[in-house]
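These notes concern the structure reproduced below.
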Amino acid sequence: MQKVWSIDVLRHGETILSHTLRGHLDDALTPKGWQQMQTTIEQVQPYPWQVVFTSPLERCAAFAKKFAAQTNLNCYMDTNFKEMYFGDWEGISIEQIYQQSPELLTNFWQQPSQYTAPNGEYLSDFQSRIQQGLFLVIRKMQMQQHDQALLVTHGGVIKLLSCLAKQRPLDDLLKMQATLGQLYRFKITLDDQQQLQIIEA
């Protein structure tokens, strides 16, 4: 019988730069953003998780580390789970980008597999590092005999996981849901070739 791991993925809450594309910018949560995450987590009782993983960016890691400390769980940071890098668009609002580069923004929104932000990360590279991060998560869970993990990360990561789980084309990425401070559940298995299989829970 195939082994199944459960990974609950929590998106960070509102941040001080929430009106912009943050990407790799390291902005902090607002008090509201912290409360969004806290409220969501408290709805899952008793906590099922045996380990916590997080993006190293403060808007994820600050909450993850505090939660792990409160629940006596190990917390591992992994740079693979950073948000997509938006290059020259980092820290700029969608409205500003649209005013400056309407055609490029529209192309990116409709076909992110073909178009990228100026000097930004290619979607194929983003997918590779997220899958690499997941593979490392599963390996660590195997070693420690864990079945359920909490991953605190970003909207782009959740949208990519949803795309892969639903077996939708990557160009549907930006149509996927990833609400601030909300939890998304996935199940992961490994096939006979040790390739990740992602299923929505």
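For this chain, numbers begin at 1 and follow the sequence in order.
Y184 contributes a side-chain N or O that, together with a main-chain N or O of T179, makes up a donor-acceptor pair within less than 3.5 Å. Between the side chain of Q2 and the backbone N or O of T189, no donor-acceptor pair lies under 3.5 Å. At distances below 3.5 Å, not a single donor-acceptor pair connects side-chain atoms of D26 with backbone N or O atoms of L57. Looking only at distances, a side-chain donor or acceptor of T40 sits under 3.5 Å from a matching main-chain atom of G181. Counting only distance, with no hydrogens or angles, the side chain of Q50 and the backbone of Q148 share a donor-acceptor pair below 3.5 Å. Side-chain atoms of N119 never come within 3.5 Å of backbone atoms of D88 as a donor-acceptor pair (strictly under, hydrogens ignored). Under the 3.5 Å distance criterion, the side-chain polar atoms of E90 are matched with a main-chain donor or acceptor of H24.
K175 pairs by the side chain to side chain donor-acceptor pair (under 3.5 Å) definition with D172, not counting sequence neighbours. F63 meets the ring pair (Phe, Tyr, Trp, His ring centres under 6.0 Å) test with W34; sequence neighbours excluded. Under the rule for a side-chain contact (heavy atoms from CB on, under 4.5 Å), the partners of Y98 that lie at least two apart in sequence or sit in another chain are P102, L105, T106. In this structure F86 satisfies the ring pair (Phe, Tyr, Trp, His ring centres under 6.0 Å) test with no other residue, sequence neighbours excluded.
Donor-acceptor pairing under 3.5 Å is lacking for the side chains of Q132 and R129. Side chains of E95 and Q99: no donor on one and acceptor on the other come within 3.5 Å. Between the side chains of S6 and K187, at least one donor N or O lies within less than 3.5 Å of an accepting N or O. Side-chain atoms of D8 and W49 form a donor-acceptor pair, as typed in the model, at a separation below 3.5 Å. For the residue pair Q35 and T39, a side-chain donor N or O sits within less than 3.5 Å of a side-chain acceptor on the partner.
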Report task. For the pair K166 and E200, evaluate salt bridge (charged side-chain N to carboxylate O under 4.0 Å, His left out) and give the outcome as yes or no after the intermediate values. Result -> CA-CA 7 Å; K166 289 180 160 84; E200 272 192 314; 3.1 Å; yes
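Considering only heavy atoms from C-beta on, V9 comes within 4.5 Å of L161 through its side chain. Side-chain contact check for L150 versus V152: some heavy-atom pair is nearer than 4.5 Å. By the 4.5 Å heavy-atom criterion applied to side chains, L196 and I138 are counted as neighbours. With contacts defined as side-chain heavy-atom distances shorter than 4.5 Å, the pair T153/I130 does not qualify.
Here ring-ring contact (aromatic ring centres under 6.0 Å, His included) pairs that include residues 101-130, with residues two or more places apart or in two chains, are W89-F108. For the ring-ring contact (aromatic ring centres under 6.0 Å, His included) condition, the pairs that include at least one residue of residues 132-160, sequence neighbours left out, are H12-H154.
Of all heavy-atom pairs spanning L10 and M37, the tightest one is CD2-CE, 3.8 Å. Closest approach of V44 and P48 over heavy atoms only: CG1-CD, 3.6 Å.
To the nearest 0.5 Å, atoms CZ (R22) and OG1 (T15) are separated by 4.0 Å. With rounding to the nearest 0.5 Å, the separation of CG in L170 from CG in L160 is 6.5 Å. For the atom pair CZ (R59) and OG1 (T30), the distance works out to 12.5 Å, reported to the nearest 0.5 Å.
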